[in-house]
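Single-structure report; data block below.
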Protein chains: 2
Amino acid sequence: MRRSPTIADVARAAGVSKGTVSFALNDRPGVAPETKARILAAAAELGFHPSHRARALSHSRAFALGLVMARPAELLGADPFFPAFIAGVETELAKVGQALVLRVVTGGWDEEAAGYRQFAEDGRVDGVFLSDLRVGGDPRLALLEELRLPAVTLQPPDASPFPAVALDERTGIRAAVEHLVGLGHRRIGHVTGPQEFVHGRGRRDAWRDALAGLGLPPGPEAAGDFTAAGGADATRRLLRDGEPPTAIVYANDLMAIAGITVAHELGLSIPGDLSITGFDDTELAGHVHPPLTTVHMDALGMGRAAARTLLRLVESGSAESIELPPTELVVRRSTAPPRSGGASLPPPRAEHPRSSS
Amino acid sequence: MRRSPTIADVARAAGVSKGTVSFALNDRPGVAPETKARILAAAAELGFHPSHRARALSHSRAFALGLVMARPAELLGADPFFPAFIAGVETELAKVGQALVLRVVTGGWDEEAAGYRQFAEDGRVDGVFLSDLRVGGDPRLALLEELRLPAVTLQPPDASPFPAVALDERTGIRAAVEHLVGLGHRRIGHVTGPQEFVHGRGRRDAWRDALAGLGLPPGPEAAGDFTAAGGADATRRLLRDGEPPTAIVYANDLMAIAGITVAHELGLSIPGDLSITGFDDTELAGHVHPPLTTVHMDALGMGRAAARTLLRLVESGSAESIELPPTELVVRRSTAPPRSGGASLPPPRAEHPRSSS
DNA sequence: GTGTGGAACCAAACCGGTTTGAGCGACGGG
DNA sequence: CCCGTCGCTCAAACCGGTTTGGTTCCACAC
């Protein structure tokens, strides 16, 4: 069982003290060039790598950032955001030798709070990412302040002591609405995300504002929860309406795809009878039937920006918020001009409902 | 800036030495009951939490496990496995105060190897999970042995010095094939995963063996890569065949869903003209059109089992492999008896292709 | 010759826990 | 009464780095 070499081994091999080795390896002044070369050679020779644990202890830092993923279990596998976000975070962290520590909580708020609390008390991370901000004062903000744990929020909440990485979702949603209106739609519904979340609320507001901005009356909306099942239910409610919309803007792709399915099952053709737009631009969006017009969201870029911001915050005690490039609409084939007279459900019990072209 | 209390503070408050506090907090014998009570009270009073960093240093352990996610960037958001797997791992780790450290590599093998190497050299983790095993001697096995990094493999590779957490995928695939044959299908194709991976290979072999076991001739297969685009391409190749299959077994849901779309675009009705089965049972599987018959895979349970096994391995130096309950088929509506005479492509340029019922 | 300054280096303290070896008082047995 | 044992506690060493406060040595100015 060969022990990996320590700084003392290097010092012995180079004939200097531990302190000098430390200075040499960290490029600090006060080490003679030839000494430094000798030390570096010895370190390379021995295959020395500084112990992360020891550095963490003496620096009183973890050299790691934390992410608490709070999601109901059934949504975890379907959520496209976290994996891409994590990938973005990691590319930045790997560059600077830091690590990402993950916690998954599927329970409620108590469990989530315990997650952050443990991160702070154990000193496992130097800062955390805060996703899924809640409107009206997210309780985690106060918690993290109490715990003195630096944080970066994804999307700016109502009020926050922390820097935010903001992704302009409004532009993409507005583009979707304008695209639909340009096709001739006038009655455009929305299947929302949970309204207690900043992003759920923000997307709904963007949809409302876009309609209002075009001088159109408010459209019908149905509450979704970002799950496929929730999206399907919401879609049924919208379509059962006496005057159903000719187009529906969904708060995410998962619900939109479930919505397409519901429409099919009701015998509606997409986009002939009903136009549909999503949000996220998941990999599947381009491969469902019909391919989904949706708003592209750069979760990876968000991860990178958030990581850079949080690193800076941890390092220097302050960091500025970042505004990412606005989201863009990706037009595919789930949107088209409405049938004249708007969508209407086909006669009940249709044996051979029309399909999309 | 209030410093968080250390063990020395507790010792002072309780009027004992650091060592005694350590013994008391770790439930080790040799501390008088009243002394222990006094120490615990002092610790609670001060809000003491042992520093993870210091424990890690003195134990020469990280109290963390690592996972290297190697995926091309575009697949990261669509892969249902990792999030659920991670959730399973985390539930076990949280119980014992350990953490999960993540590394994401989107590049090639060099980058992936560097990931494991860094984990080992930095001493950031005590062990790692090995997913996506390659057939024919995964090079990571030798690497990890060289690095002396304990590991648990997901699926047993050809030969391995490490314990494995095995999920019986064969049973589910066989059930899918038997289900299709029971419906009357005789020509059953397969869209594979990458054959350099144990799970890609294993699923294909299971499909082949199931056909052979039922006395049927080999079916046509097309190489996929677990991506939607790859699944779509493979589906087109299968269906363009002179004698296309009446049913296709896909190696994962993502490709199966893309396959449904391709079939729709070719004017085929699912399941009327073509039956389709997937693998994974993603959230979306039940919400596409038609709902997908697929093999349920318990990624969460796999995560839990893998975490328990790896913890045991790290703790005691050895752990036994685990066999999880076999995968099961979930029958939905993408499978049905074949049209008499088997599937045939409709006349070209069909303006109003039939749709599913 | 002495004083001064800076470069190079070292020894020791420190981060905050765990672990070891020894000390001490009480108690029981011979 | 003495000794061995046991139960309890402490001081010190240790994990492997970083950082501080000297110390040594040499060049140069006065």
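Here is the naming used below: chain letters follow the sequence lines, and residue numbers restart at 1 for every chain. Please read these numbers as outputs of a predicted model, since none were measured by experiment.
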Assign A/Ser22 to base, sugar-phosphate, or nothing according to its heavy-atom contacts below 4.0 angstrom with the strands shown.
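Base: the residue A/Ser22, judged by heavy atoms under 4.0 Å, touches a nucleobase.
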A/Val21 near the nucleic acid: base, sugar-phosphate alone, or nothing, with a heavy-atom cut-off under 4.0 Å?
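No contact.
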Does the pair [X]/[Y] count as a salt bridge with the N-to-O cut at 4.0 Å?
X	Y	result
A/Arg61	A/Glu315	yes
B/Glu145	B/Arg140	no
B/Arg117	B/Glu146	yes
B/Glu112	B/Arg134	yes
A/Arg53	B/Asp122	no

Measure [atom1]/[X] against [atom2]/[N] and give the value in whole Å, please.
X	N	atom1	atom2	value
A/Arg55	C/dG17	CZ	C1'	20 Å
A/Arg53	D/dC15	CZ	P	13 Å
B/Ile39	D/dC8	CD1	C1'	11 Å
B/Phe48	C/dG16	CZ	P	10 Å
A/Asn26	D/dG16	CG	P	17 Å
A/Arg61	D/dT18	CZ	P	13 Å
A/Asp9	D/dC15	CG	P	11 Å
B/Leu57	D/dA13	CG	C1'	13 Å

Lys/Arg cation over aromatic A/Phe63: A/Arg55, 6.0 Å, 45° cone:
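Flagged: A/Arg55 positioned over aromatic ring of A/Phe63.
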Mark yes or no: A/Arg124 above the aromatic ring of A/Phe119, with NZ or CZ under 6.0 Å from the six-membered ring centre and no more than 45 degrees from the axis.
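No cation-pi geometry.
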Which of these nucleotides, [options], is closest to any side-chain atom of [X]?
X	options	result
B/Ser17	D/dA11, C/dG17, C/dT19	D/dA11
A/Ile7	C/dG17, D/dG17, D/dC8	D/dG17
A/Pro33	C/dA8, D/dC15, D/dT9	C/dA8

Between [N] and [X], is there an OP1 or OP2 to side-chain N/O distance shorter than 4.0 Å?
X	N	answer
A/Thr20	C/dC10	yes
A/His59	D/dT19	yes
A/Ser58	D/dG16	no
A/Thr6	D/dC15	no

Between A/Glu92 and A/Ala307, which heavy-atom pair has the shortest distance, and what is it?
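Distance-wise, the nearest heavy atoms are CB-CB, 3.7 Å.
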By nearest heavy atom, map B/Ser51 and A/Arg38 onto DNA chain C; which one lands nearer the 5' end?
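Checking each residue's closest nucleotide, the 5'-ward one belongs to A/Arg38.
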Scan nucleotides 20-26 of chain D nucleotide by nucleotide, 5' to 3', and note B when protein non-hydrogen atoms come under 4.0 Å of the base, S if they reach only the sugar-phosphate, - if neither.
B------
Let me know, please, whether B/Ser60 or B/Gly15 comes out on the 5' side of the other along DNA chain D by nearest nucleotide.
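Upstream on the strand: B/Gly15.
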Using a distance-only criterion (donor-acceptor N/O pair, under 3.5 Å, no hydrogens), is the base of C/dG16 paired with the side chain of B/Lys18?
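No, no donor-acceptor pair under 3.5 Å.
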